[in-house]
Structures are given as C-alpha cells and as structure tokens.
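Bear in mind that the values here come from a model prediction, so they are computed numbers and not experimental data. One is the number of the first residue; the rest follow in order along the sequence.
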Amino acid sequence: MNPVGAVLWLIGALLDLVLLVLIINMVLSWLFAFDLVGRGNRFVNSTYEATQRLVAPILGPIRRVIPPVGGIDFSPMVVFFGVLFLKQLFPGL
C-alpha cells in the first residue's frame, strides 16, 4: 500500500470511529432524555460520560454557531451528516 493510500485509510477509519462514538452518545442521551435508563446505571452512565468527553471538542464549536432550539441540540446531527458528506466527497476514505 502506498503512503497516500495508508493516510486515506487512516482518515477514513478515524471518521468511522467518530461516527460510532457519536451514534453511541446520541442514543445514550436519548435513553436518558426519555427516562428509559436512569443515571444510576453505572455502566450506561460511564459510557455516556466517556463518549461525551470524546465528542465535546467536536460539538463545542458547532454549538456556538447553532445553539439548541427548544431544548433540542442539533449539533450532533450536523457533525454526523458532515462526516457522512466528507466520506461521500472523498470516496477513498
């Protein structure tokens, strides 16, 4: 594999990881919001906190531009569709 291909593969893998962590974070936040899982569940709460720490640097700048509307935070969806757009824009990723 040439170096450019390796770098593109690494970027694609990192984008896939960002998507996975973002999906886990969104699902867990919905479980908490709809009171399907309580914060007392240690595993779910620690998983949510870990994913929150990972996605916070990505979501922070977007939250400054697009604040929550009616209590709904659209920044995870913007990042999610942005990453999907990048992956479609550069098929090698």
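Counting only heavy atoms from C-beta outward, the side chains of Asn25 and Pro76 never approach each other to under 4.5 Å. Between Ile66 and Asp73, the closest side-chain pair of non-hydrogen atoms is not below 4.5 Å.
With values rounded to the nearest 0.5 angstrom, Leu59 atom CG is found 6.0 Å from Leu22 atom CG. Annotation: the span from Leu19 atom CG to Ile24 atom CD1 amounts to 11.0 Å, rounded to 0.5 Å. The distance from the CG atom of Leu15 to the CG atom of Leu86 is 6.5 Å, given to the nearest 0.5 Å. Note that CG of Leu28 is 12.0 Å distant from CD1 of Ile23, once rounded to the nearest 0.5 Å.
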Could you please spell out the steps behind the side-chain contact (heavy atoms from CB on, under 4.5 Å) verdict for Lys87 and Asp16? CA-CA 9 Å; Lys87 288 182 70 71; Asp16 288 339; 2.9 Å; yes
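Take Arg39 and apply the side chain to side chain contact (heavy atoms under 4.5 Å, CB included) test, not counting sequence neighbours, and it matches Phe32, Asn45, Tyr48, Glu49. Shown here are the side chain to side chain contact (heavy atoms under 4.5 Å, CB included) partners of Ile58, two or more places apart in sequence or in another chain: Val18, Val79.
Contact detail for Ile62 and Ser75: the closest heavy-atom pair is CG2-CB, 3.6 Å.
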